[in-house]
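Some notes on the structure that comes next.
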Amino acid sequence: MLKDFIEDKIRISLSDKSKSKFFELDISKLVLSIPNNPDHGDFSTNFALINAKALKLNPFELAREISTLLDNEDSDLFERVTVEKPGFINFKISKKIYHDFLAEVLIKGENFGSFPLNGKKILIEFVSANPTGLLHLGHLRNAAVGDSIARILKFSGYSVTTEYYINDYGNQIRLLGESLKSRVMQKLKIESKIPEEGYKGEYLLDVAELLLSEVKSDDLLSKDYEFFSNYAIKYLINEIDKDLKDLDINFDSWYSERDRIHNTDLLSKTRNLIKSVQGLYEKDDAQWIKTSEYGDNDDWVVKKRDDASTYFMNDIAYHHDKFQRGFDNIVNIWGADHHSHISRLKASMNLLSNDSHKLNFVLIQFVRLIKDGRDVSMSKRSGTYTTIRDMLSEFNKDLVRFMMVSRSSDSHFDFDLDKCREGSDDNPIFYIQYASARINSILNKDEVVKFTESQVDLSLLIEDKEINIIKKILNFPDIILDASNSMSPHKLAFYLQELSALFHSYYRETKILVDERELSGARLFLLKSLKTVFTNGLTLLGVSSPERM
RNA sequence: GCGCCAGUAGCUCAGCUGGAUAGAGCAAAGCACUUCUAAUGCUUAGGUCGGGGGUUCGAAUCCCUCCUGGCGUACCA
């Protein structure tokens with residue numbers, strides 16, 4: 001990374017005892033940032049401002065001394081080093097450095113912006129919608145954000161496992177089975193009512209139809225609800241997976257609650273473990289866990305009066321299992337409506353002496369669908385939601401995925417359908433893909449120069465707009481790191497829009513394929529580098545980069 | 001009541017581990033196609049960063065407090 005490279009150079013200069021009198025300063029505090037105002041150079045640092053007090057020096061004077069030292073040190077690196085008002089040191093990087101770093105972009109290709117394996121293992125769980133219906137809008141943002149975070153983490157050097165927790169056990173599943181059975185009976189003209197709390201959506205009619213085509217109706221009459229539950233789960237998981245694949249989301253692991261928690265001794269083992277550290281007590285005929293002693297505000301029931309374990313107990317067992325599987329970081333992407341579970345789950349992991357710092361959460365705020373200025377997130381037919389399938393029948397995957405990651409997950413998000421239709425000015429993904437397509441179009445027209453990457457003179461790229469594009473390209477790895485550390489794919493989305501803007505502006509002003517072959521070659525190299533960044537960046541967001549539009 | 005998130009331009013939102021004159025897109029007004037894709041570009045206008053205190057060289061950013069909106073506060077999952 002260019003920034004690291006320069007920071008290192010500065011650190012080396014400052015800590016050189018023979019030349020520098022600042023070698024006692026804590027150089028780990030040296031941070032370069034990119035100033036808003038281009039007059040302040042390519043990078044700047046507040047290092048002198050931070051350290052002035054400790055040295056009992058005037059910050060401006062300190063900055064001056066440091067800058068003089070650096071300016072003399074490496075004339076190849078800096079075009080100039082200046083000092084501004086309170087004590088900022090501003091660096092203008094020489095064009096040669098930019099050209100040198102640009103040359104590496106195409107060598108790295110699809111790995112440009114990525115980081116080598118760091119040996120850390122991350123488990124990231126997301127979507128995990130109950131298999132009692134199709135995926136709907138509420139799951140869409142979770143899916144898009146979760147998958148993009150997983151891709152970004154992987155790209156930045158982590159070994160990532162994505163996991164979908166299948167809630168295929170318990171009351172809801174019984175109701176699902178009974179509801180399906182009821183639908184089958186209705187098809188057979190046998191009077192049957194869906195349970196009060198059951199699943200009344202019409203999709204179960206389709207499942208019933210399918211079931212009747214596969215199994216003789218006489219045989220079905222004698223089946224209990226479990227048979228129907230199993231059939232419905234299998235069907236619905238398959239449908240969910242289909243929708244996810246349409247979004248280009250593939251899970252590494254599907255974790256069945258029934259198989260892994262209830263049909264094993266995991267639950268009893270976990271319970272015994274809690275008991276072994278005196279973490280359980282009986283009250284009101286129920287069993288409670290002492291989470292209040294481990295960082296939560298309350299204790300919680302883990303076994304109900306009827307002897308069944310609570311959902312929370314199952315979740316403790318599941319997360320304990322996650323810890324046992326040896327991950328360095330366990331990430332849950334949750335809807336914001338589950339935020340209250342965080343503190344009790346963390347407290348439980350503390351109690352089990354798992355390192356709860358390894359357990360992290362990304363909370364996703366709600367999305368509202370807006371159509372004709374009104375909230376249409378829920379359809380008029382009560383109980384049915386806008387499904388992902390419905391969304392994808394009207395909007396393509398690229399648009400949907402990009403929109404879902406283009407805002408901070410902390411923000412509520414209004415998705416205005418009318419503003420996102422094809423050709424709309426309010427459709428940012430087209431803007432980015434169009435940039436990428438324009439580049440392709442030029443690259444395809446290059447019959448004259450017959451551009452080859454090896455023989456190109458990048459020092460011909462001297463226009464301001466060219467240098468600005470190079471700077472932005474070289475900033476890509478920093479963006480990846482930032483998006484990865486903060487698990488915020490929207491930072492990448494914003495970056496790609498900014499990069500597109502730089503390109504479009506450059507494109508309108510500058511002819512790429514000109515008579516001077518050398519110059520064309522250098523510009524084609526720049527464009528190909530841009531294309532690399534677009535492709536790499538969009539891929540991380542699960543968005544394609546079409547060859548033409 | 002308590003907890004989490006949000007409140008920044010007319011609208012939708014970035015910026016929040018403190019930095020220099022607060023940004024982008026859309027909408028508004030005006031301009032630019034005999035050119036490698038005008039799904040574009042270039043101008044202009046638009047702000048008491050919810051209110052009030054505090055911390056310091058410096059606050060949209062940190063602390064306190066109040067107001068508004070969303071979500072949550074089960075022996076449901």
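The sequence lines fix the lettering, A, B, ..., with proteins before strands; numbering per chain opens at 1.
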Exam field: side chain A/Y495 to backbone A/K472, donor-acceptor pair closer than 3.5 Å: yes

Pairwise C1' distance for B/G10 and B/G46, with rounding to whole Å: 9 Å

Same-atom distance (C1') from B/C5 to B/C42, integer angstrom: 39 Å

Sugar-phosphate, base or nothing in reach of A/S441, heavy atoms under 4.0 Å: base

Selection from B/C36, B/C13, B/A20 that lies nearest to any side-chain heavy atom of A/E84: B/A20

Rounded interatomic separation in angstrom, taking CZ from A/F413 and P from B/A6: 16 Å

Distance-only donor-acceptor test (3.5 Å): side chain A/H338, base B/G72: no

A/S505 side chain near B/U40 phosphate (N/O to OP1/OP2, under 4.0 Å): no

Base of B/G72 paired with side chain of A/D337 (donor-acceptor, under 3.5 Å): no

Whole angstrom value for the distance that separates C1' of B/U40 from OH of A/Y506: 16 Å

Touch class at under 4.0 angstrom, heavy-atom based, for A/I173 against every strand present: nothing

Of the listed nucleotides B/A20, B/U12, B/C75, the one nearest the side chain of A/N36: B/A20

Base-pairing mate for B/C2 - Watson-Crick or G-U, with both contacts under 3.5 Å: B/G72

A/E61 and A/R64 ion-paired at < 4.0 Å: yes

Out of B/U21, B/U37, B/A77, whichever nucleotide has its closest atom nearest the side chain of A/K85: B/U21

Sugar-phosphate, base or nothing in reach of A/N90, heavy atoms under 4.0 Å: base

Salt bridge (Lys or Arg N to Asp or Glu O under 4.0 Å) pairs, two or more places apart, involving residues 428-438 of chain A: none

Distance-only donor-acceptor test (3.5 Å): side chain A/H504, base B/A39: no

N/O (side chain, A/K304) to phosphate O (OP1/OP2, B/C76) under 4.0 Å: yes

Pair of N/O donor and acceptor under 3.5 Å linking B/A14 base with A/R407 side chain: no

Under-4.0 Å salt bridge between A/K322 and A/E125: yes

Sugar-phosphate only, base, or nothing, as touched by A/F494 at under 4.0 Å among non-hydrogen atoms: sugar-phosphate

Sugar-phosphate only, base, or nothing, as touched by A/A435 at under 4.0 Å among non-hydrogen atoms: nothing

Pairing partner (Watson-Crick or G-U wobble, both distances under 3.5 angstrom) of B/A39: none

Touch class at under 4.0 angstrom, heavy-atom based, for A/H412 against every strand present: base

Integer-rounded Å distance: B/G23 P and A/N37 CG: 9 Å

Spacing between A/L519 atom CG and B/C36 atom C1', to the nearest angstrom: 14 Å

Pairing of A/R523 and A/E466 as salt bridge, 4.0 angstrom limit: yes

Sugar-phosphate, base or nothing in reach of A/S44, heavy atoms under 4.0 Å: base

Sugar-phosphate only, base, or nothing, as touched by A/D285 at under 4.0 Å among non-hydrogen atoms: nothing

Sugar-phosphate, base or nothing in reach of A/F415, heavy atoms under 4.0 Å: nothing

Sugar-phosphate, base or nothing in reach of A/F312, heavy atoms under 4.0 Å: nothing

